[in-house]
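Here is the structure we will look at, set down as structure tokens.
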Amino acid sequence: MASSTIPPNRIAVIGGGGNVGAAAAFALIAKGVPAEVLIVDVVDKAAQGQALDISDASFLEPGICRKGSFQEAGQSDVIIVTAGARQQPGEPRSNLIERNYKIIKSIMDSMQPIKPSAKILMVSNPVDVLTHIAQKASGLPVSQVIGSGTFLDSGRLRNALSEITGVSPSSVHAYMLGEHGDNQFTGWSSARIGGRPLLEHPKMQGVDLDGINEKIMRKAYDIIDAKGSTYFGIGICAATLAQALLNNTSQVFPVVNFVEKYDCYMSWPAAIGAGGVEQAFDVPVNAAEAKKLETAVTAIKEACAKYD
């Protein structure tokens, strides 16, 4: 049951009055993360309502939830940023950059001074570029500012491959890579099941790989077209990453992190722990994937250059 004392760890959810932020905050409570979860939003009434509602779910769990301020958020252990302009049906994520740049810059300014050991988890889109912007504006080391990246896309991929192979999604090791956007691609050459290449699995023979890749890339657009926004999937992803940061799990996730080899923030596997990015990985790609990776990196760098 919920403790009468305040948990030692604090997680702030900026934009918590909206669907994505509320889903992340609820997931933190439902997963039993022992933390004080702050709902922070420029719309005070929305933040209050979400905090009151989510706090009703906390009586069975060790975490607690309340409304918080931007100053309190800046002193949190983990800061999840979900605030920003909403993606419209059919709109590419790249269109959101200009609208969200000012929002993210304002958020970082409002939280100053930010706790030196804080970790920032960006969820707002386009997340690769906004993570770059958030790191510059926050002043924190690149290892402490990450983004949700292709974590959710990779989960969608694993679900799809699980349906084909009959193997649990958690045992399918495959990633969507490069950019959380229209330039993402499936890392087929590095995908594995049981230590063996995924494409050697008998049930993968004759499968339309391009069709799977397109299905994964289009799923968010399908959801947005049907109900206006996506929030449950990304909510659980954000909560899982926050949990890894707090508990120092060193689990490997395909998140937005600064990859020195390519000299930019991009969606790429990294081990996540108490210090943020604990280890980076050089994922092997074939010639076709390398070309797609180059396209993704170029697009990210060109977008980021406008805000340096």
With sequence neighbours left out, which residue pairs that include part of residues 106-122 fulfil the side chain to side chain donor-acceptor pair (under 3.5 Å) condition? Asp77-Lys115, Lys105-Asp109
Can you list every ring-ring contact (aromatic ring centres under 6.0 Å, His included) pair that touches residues 281-308, not counting sequence neighbours? Tyr101-Tyr307
Would you say Tyr265 ends up clustered with Leu140 if hydrophobic residues are merged whenever their side chains have heavy atoms under 4.5 Å apart, either directly or through other cluster members? yes
Between the main-chain N or O of Pro169 and the side-chain N or O of Asn159, is there a donor-acceptor pair closer than 3.5 Å? no
Name all residues meeting the salt bridge (Lys or Arg N to Asp or Glu O under 4.0 Å) criterion together with Arg99; count only those two or more places apart in sequence or in a different chain, and write none if there are none. Glu91
Are Val123 and Val127 linked, directly or through intermediate hydrophobic residues, by side-chain heavy-atom contacts shorter than 4.5 Å (ILVMFWY only)? no
Once you round to the nearest 0.5 Å, how far does CD of Gln144 lie from CD of Gln135? 10.0 Å
Under the salt bridge (Lys or Arg N to Asp or Glu O under 4.0 Å) rule, collect the residues that match up with Lys219, sequence neighbours excluded. none
If you round to the nearest 0.5 Å, how far is CD1 of Ile120 from CD1 of Ile79? 5.0 Å
Quick one: does Ser76's side chain have a donor or acceptor within less than 3.5 Å of a partner on Ile11's backbone? no
So ring-ring contact (aromatic ring centres under 6.0 Å, His included) across residues 109-163, not counting sequence neighbours, yields Phe151-Phe253
Just by modelled atom types, is the Glu289 backbone N or O under 3.5 Å from a matching donor or acceptor in the Asn286 side chain? yes
Using the rule that two of Ile, Leu, Val, Met, Phe, Trp, Tyr join whenever any of their side-chain heavy atoms come within less than 4.5 Å, decide whether Ile234 and Phe232 are in one cluster. yes
Going only through I, L, V, M, F, W and Y residues with side-chain contacts under 4.5 Å, is there a path from Leu198 to Phe185? no
Donor-acceptor pair, distance only, cut-off 3.5 Å: does the side chain of Ser124 make one with the backbone of Ala83? yes
Is Ile54 linked to Val78 within one hydrophobic cluster, defined over Ile, Leu, Val, Met, Phe, Trp and Tyr using a side-chain heavy-atom separation of less than 4.5 Å? yes
Please name all residues satisfying side-chain hydrogen bond (donor to acceptor under 3.5 Å, both in side chains) with Glu302, sequence neighbours left out, ordered by chain then number. none
Using modelled atom types and a 3.5 Å cut-off, is there a donor and acceptor pairing between side-chain atoms of Thr186 and backbone atoms of Trp188? no
Asn248 (side chain) donor-acceptor with Ala274 (main chain) under 3.5 angstrom: yes
Distance-only, no hydrogens or angles: does the Ser69 side chain make a donor-acceptor pair with backbone N or O of Glu72 under 3.5 Å? yes
